[in-house]
Number of protein chains: 2
Amino acid sequence: MAEVSLAVSTVIFALRSSGRFGDDEGQRRLWLPLVRRIREPFDGRWALPGGPLGSDEGLAEAATSTLAKTTGLAPRYLEQLYAFGDPGRSGEDASRVVSVVYWALVGDDEAKAARVGQNVRWFPADELPPLAFDHQLVVEYALWRLRNKVEYSRIASAFLGAAFTLAQLREVYEAVLGRALDPANFRRQIEASGAVEDTGEVLTGVRHRPPRLYRYNSTVDLADQGPLGRLAQK
Amino acid sequence: MAEVSLAVSTVIFALRSSGRFGDDEGQRRLWLPLVRRIREPFDGRWALPGGPLGSDEGLAEAATSTLAKTTGLAPRYLEQLYAFGDPGRSGEDASRVVSVVYWALVGDDEAKAARVGQNVRWFPADELPPLAFDHQLVVEYALWRLRNKVEYSRIASAFLGAAFTLAQLREVYEAVLGRALDPANFRRQIEASGAVEDTGEVLTGVRHRPPRLYRYNSTVDLADQGPLGRLAQK
DNA sequence: TCAAAAGTGTTGCCGATACACCCATGG
DNA sequence: CCATGGGTGTATCGGCAACACTTTTGA
């Protein structure tokens, strides 16, 4: 009945060091992968990865498979962002498309191994090329959501491995929020939130006092941090 | 390409006094209109008003026209809630439907004049009948969003007329949040937020000190309180 | 023993809550 | 002049930011 086609796109965030030197050199920044369009409208422009919704796929499932196809990665966190569907957003007289957009976080280490190719490239989130469709707006909204959510949930964990120091966690916060945080107060906040627990181990090899290693409190599932999460307890 | 049809549904909230006596009698409660389904699946059950997306309609536009069709009202506030699209949510082997759900607020006075019929009825939000599809979950999520948003935005205005006393505004907050608020502190919070301005007039005819009448600060558009609102300033 | 980051203690400020108290009106 | 809600003043509490200070390692 409806003469509209439905697509699912995903804004994929990774936190990678931008240094040209060693692995841990340089500041961490947010990066995201874009795909180059190979047809009209917006032929040649960069766009968010996505595709039509398969008839047996769930929406989140479609976002995950898009993510796998373009980067070869599995998301550590995935959440629906918004459904965009105003007529005209695909360009002037293009056919009508409604996009359900998701945003995702992938791990730092995995992102290094991410596939790149002629038509897939990673860009720093604050230095994007001109984008197709209304994707500029979409990315800005996703960034806003990410920055907001970092402050009141524990999604920052998605950027880190199984064990981490509080300094590493703080670096994630600082990169996402774009400002420095007081180490002392950050420690207290995180400890008070109950989001992490002490592994009992320490990180050695650094040329100063060895920091403790923490892991995320497994009693809280990351998936439940999403919009419908708090209603899901049946 | 995609074998899925797209529909738009709306959770419509009004704040009406539940008293059987006069207009201002009794506690205010949240009410919402439901429509009775007249076909399978879920024939005979109550469901959220909605319909397929017209080929020239924007998503919000479709939500507004659904609202007009079922209640005869125009929304004072409208915001996208979520896109639901998992296979199986329409019942077992039903055809695949993705619903973009909006939520809306309508004014107290207008809601009194709202159309009702055999197949449209208003229910208190906390005494809903069994609903079709996953609409129970949808309504719960909408309620959660409403309660959250009342606390950090000025959408409560949507339930009131052009001029109102702070006591009336407080009643709205109390009904939505489900708890009593300190009048003194409520006054300070609202005044500090800059959301309202004094009209200079007072409400007479009450048998105590006449309360001042306020209006909402028109320099802030209600429509900009939505998710994309803060990005819309071009 | 020194530099550097981990980790702890302490203080002051600010916003929110609780609640005492005065104000203005209708009856 | 009294009951009733409008409206103002104020003390207290708790969280947070700022920052001084101690700890523990590698070099």
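Since the model is a prediction, treat every value here as computed from it, not as a measurement. Quick note: numbers below take in every heavy atom, side chains included, and nothing from hydrogens, waters or symmetry partners. All chains are named by letter (A, B, ...) in the order of the sequence lines, taking the proteins before the strands, and each is independently numbered beginning at 1.
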inquiry  = Please list, in numerical order, the residues of residues 153-175 of chain B that have a heavy atom closer than 4.0 Å to any atom of DNA chain D.
reply    =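 Of all residues in residues 153-175 of chain B, the ones placing a heavy atom under 4.0 Å from DNA chain D are A167(B), R170(B).
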Selection: residues 191-203 of chain A, any non-hydrogen atom under 4.0 Å of DNA chain D
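None, since no heavy atom is under 4.0 Å.
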Sequence neighbours left out, what pairs pass salt bridge (Lys or Arg N to Asp or Glu O under 4.0 Å) with at least one residue falling in residues 172-181 of chain B?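 Only E151(B)-R179(B), R170(B)-E174(B) qualify under salt bridge (Lys or Arg N to Asp or Glu O under 4.0 Å).
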**Rounded distance in Å - CG (D182(B)) to C1' (dC21(C))** =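 Checked: the CG to C1' distance equals 13 Å.
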Between P on dA18(D) and CZ on F186(A), what's the gap in Å once rounded to a whole number?
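The answer, rounded to whole Å, is 15 Å.
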By side chain to side chain contact (heavy atoms under 4.5 Å, CB included) - contacts of [X] (at least two apart):
| X | value |
| --- | --- |
| E171(B) | R28(B) |
| A74(B) | none |
| T199(B) | E201(B), L213(B), R215(B) |

Listed nucleotide nearest any side-chain atom of R187(B), set dA6(C), dT8(D), dA18(C) |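 My answer, after comparing the listed nucleotides, is dT8(D).
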Query raised in the report: If you look at every heavy atom in L48(B) and T10(B), which pair is closest and at what distance?
Result: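 Looking at all heavy atoms of both residues, the closest pair is CD2-O, 4.0 Å.
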Under 3.5 Å, which N/O atoms of the protein pair with N/O atoms of nucleotides 10-16 of chain D?
| residue | atom | partner | partner atom | Å |
| --- | --- | --- | --- | --- |
| dT10(D) | O4 | R188(B) | NH2 | 3.4 |

Could you pull out every donor-acceptor pair under 3.5 Å between side chains of residues 123-134 of chain B and any protein atom, sequence neighbours left out?
| residue | atom | partner | partner atom | Å |
| --- | --- | --- | --- | --- |
| D126(B) | OD1 | R29(B) | NH2 | 3.1 |
| E127(B) | OE2 | R29(B) | NH2 | 2.8 |
| D134(B) | OD1 | R89(B) | NH1 | 2.6 |
| D134(B) | OD2 | R89(B) | NH1 | 3.0 |

Please collect all ring pair (Phe, Tyr, Trp, His ring centres under 6.0 Å) contacts where either partner lies in residues 146-167 of chain A, sequence neighbours excluded, each pair once.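 The answer is F164(A)-Y216(A).
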query: With sequence neighbours left out, which residue pairs that include part of residues 177-206 of chain B fulfil the ring pair (Phe, Tyr, Trp, His ring centres under 6.0 Å) condition?
result: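 Only Y173(B)-F186(B) qualify under ring pair (Phe, Tyr, Trp, His ring centres under 6.0 Å).
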Pairwise N/O distances under 3.5 Å, protein to nucleotides 23-27 of chain C:
| residue | atom | partner | partner atom | Å |
| --- | --- | --- | --- | --- |
| dC23(C) | O4' | R209(B) | NH1 | 3.4 |
| dC23(C) | O2 | R209(B) | NH1 | 3.2 |
| dA24(C) | N3 | R209(B) | N | 3.4 |

Among residues at least two apart in sequence or on other chains, which ones pass ring pair (Phe, Tyr, Trp, His ring centres under 6.0 Å) with F84(A)?
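Ring pair (Phe, Tyr, Trp, His ring centres under 6.0 Å) check on F84(A) returns Y82(A).
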